[in-house]
There are 2 protein chains.
Amino acid sequence: MRIEDEIKQPTFRDEYQKAIINLVYTTGWLQLRQATAFKTFGLTLPQFNILRILRGQHPLPATVALLIDRMLDKTSNASRIVDRLEEKKLVTRTVCPANRRAVDIRITPAGLELLKTIEDSGLMEKNGTQFLTPDEARQLNALLDKIRTEDGDGATLHQPSCE
Amino acid sequence: MRIEDEIKQPTFRDEYQKAIINLVYTTGWLQLRQATAFKTFGLTLPQFNILRILRGQHPLPATVALLIDRMLDKTSNASRIVDRLEEKKLVTRTVCPANRRAVDIRITPAGLELLKTIEDSGLMEKNGTQFLTPDEARQLNALLDKIRTEDGDGATLHQPSCE
DNA sequence: TGCAAATTTATGTACATACATTTAATGTTG
DNA sequence: CAACATTAAATGTATGTACATAAATTTGCA
């Protein structure tokens, strides 16, 4: 369904403004669907992502600093997400012996098992991108990368400078 | 910069998984930049969006139900966003005389002036899409619309059914 | 009319985000 | 070594999201 119909706004200033709205709306749509699915396993999306980072380290521990470095959203509060996972016995927290400022965080067997259950459920594949061809997925990746162009100074602009 | 480098993950299962991560990451990147800019005007993104809907209605009032209908995120809590705008004297709330269950919400002159100040600042145009050509913006819109295909039953899939 | 159902908004709770501040441990330097 | 800076994590506060529930009003129908 076209974004115009989804949000009942028949016209946009231009394709650029429409693209912004469409990005925010589509990502929200996608995350809502994923969050709903994860809820049946008692996890939120950030909790799931932290759990996967911890499995990537397993059997080595991770520190909060490492989690922040690997997280998609750097500004979120890893400490409190780990709190929730610890309450559910999916991770453990122990003071790092080598540096008592740091905390070693490890995924538990229960955590590993939960990840496997979720991944075996096929939940992760139902995310909307299955409606794209492989070439379209590549195009989408290229366009998104281009949006995040850093504009230190005058990178090639395609919008008229007057508005 | 490629998403692989942004999040320091050299490989993905496939272009589909990469596209999902890229969507979430790029939208977060975009919203963080926009939110930071709006903060200099004392507004959050949801507050700004509500304010624009109210201007669209002006001088007629809107109800909370209308705001929810027009909002990008239907499940967020319009009541409390209006609370914040009311505290800042950017909107008014009065019980609707015709239906005392409903509440008439109106943008104030200060609210209209703030919107104009923000829009005149050119803040809204610096959102990343200026690095796309008009044709690329159109492509992006088409791809995003395709992701939100409703799969009542077997819409055309492009991923192998086995995994 | 009278009472149940529906509607409209507000409130409560759990979690997350964004950012400032605090606490504790470690490094550094005079 | 003592004073100060730096680092790592936790905590505090304001806001927003997601969802359940409450409160007030209106509607509809027996």
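Every chain is numbered from 1 and lettered A, B, ... according to where its sequence line falls, protein lines coming before strand lines. Every value quoted in this text rests on a predicted model; they were computed, and no experiment measured them.
Atom CZ of Arg80(B) is separated from atom C1' of dC19(D) by 11 Å (rounded to the nearest Å). Taking atom CG of residue Asn99(B) and atom P of nucleotide dA23(D), one finds them 20 Å apart after rounding to whole Å. Distance, Asp73(B) CG to dT17(C) P: 14 Å, rounded to whole Å. Regarding Gln31(B), its CD atom lies at a distance of 13 Å from the P atom of dG16(D), rounded to whole Å. In this structure, Leu72(B) places its CG atom 12 Å from P of dA18(D), rounding to the nearest Å. Between Glu87(A) atom CD and dA16(C) atom P the separation is 10 Å, expressed in whole Å. Across the protein-nucleic acid pair, Phe38(B) atom CZ and dT17(C) atom C1' stand 18 Å apart, rounded to whole Å. The distance between atom CG of Leu32(B) and atom P of dA16(C), rounded to the nearest whole Å, is 19 Å.
Here the side chain of Ser76(A) is nearest to one of dA10(C), dG16(D), dT17(C), namely dT17(C). The side chain of Lys39(B) approaches dA18(C) more closely than any other nucleotide in the set dA10(D), dA18(C), dA10(C). Here the nucleotide nearest the side chain of Arg101(A), chosen from dT9(C), dT8(C), dA24(C), is dA24(C). Closest to the side chain of Thr63(A), out of dA9(D), dT17(D), dT15(D), is dA9(D). In the set dC19(D), dA18(C), dC15(C), dC15(C) carries the atom at the smallest distance from any side-chain atom of Thr44(A). Of all nucleotides listed (dA10(D), dT9(C), dC19(D)), dT9(C) comes nearest to the side chain of Ala65(B).
Judged purely by distance below 3.5 Å, without hydrogens or angles, the side chains of Arg2(A) and Asn22(A) never pair a donor atom with an acceptor atom.
Under a hydrophobic clustering in which Ile, Leu, Val, Met, Phe, Trp and Tyr are joined whenever their side-chain heavy atoms come within less than 4.5 Å, directly or via other members, Leu115(B) and Met71(B) fall into the same cluster.
Residue side chain Asn77(A) reaches the base of dT11(D) through a donor-acceptor N/O pair under 3.5 Å, judged by distance alone.
Using a cut-off of 4.0 Å between Lys/Arg side-chain N and Asp/Glu carboxylate O, Glu15(A) and Arg138(B) are scored as not salt-bridged. Taking the charged nitrogens against the carboxylate oxygens, Arg13(B) and Glu125(A) do have a contact shorter than 4.0 Å, which makes a salt bridge.
Residue contacts for Asp83(B): at a heavy-atom cut-off of 4.0 Å it reaches no nucleic acid atom on any strand shown. Within the nucleic acid shown, Ile81(B) comes within 4.0 Å of sugar-phosphate atoms alone, with no base atom in reach, counting heavy atoms only. Residue-level contact check: Ser79(A) touches the bases, meaning some heavy atom is under 4.0 Å from a base atom.
Along DNA chain D, the nucleotide closest to Ala35(A) and the one closest to Val82(A) are compared, and the more 5′ of them pairs with Val82(A). Comparing Gln47(B) and Arg100(B), the nucleotide of DNA chain D nearest to each residue sits closer to the 5' end for Gln47(B).
In this structure the side chain of Ile81(A) never reaches within 4.5 angstrom of the side chain of Asn49(A), judged on heavy atoms.
Contact annotation: Arg93(B) side-chain N/O to dA10(C) OP1/OP2 distance is under 4.0 Å.
Heavy-atom minimum distance, Ile107(A) versus His58(A): CG2-ND1, 3.8 Å.
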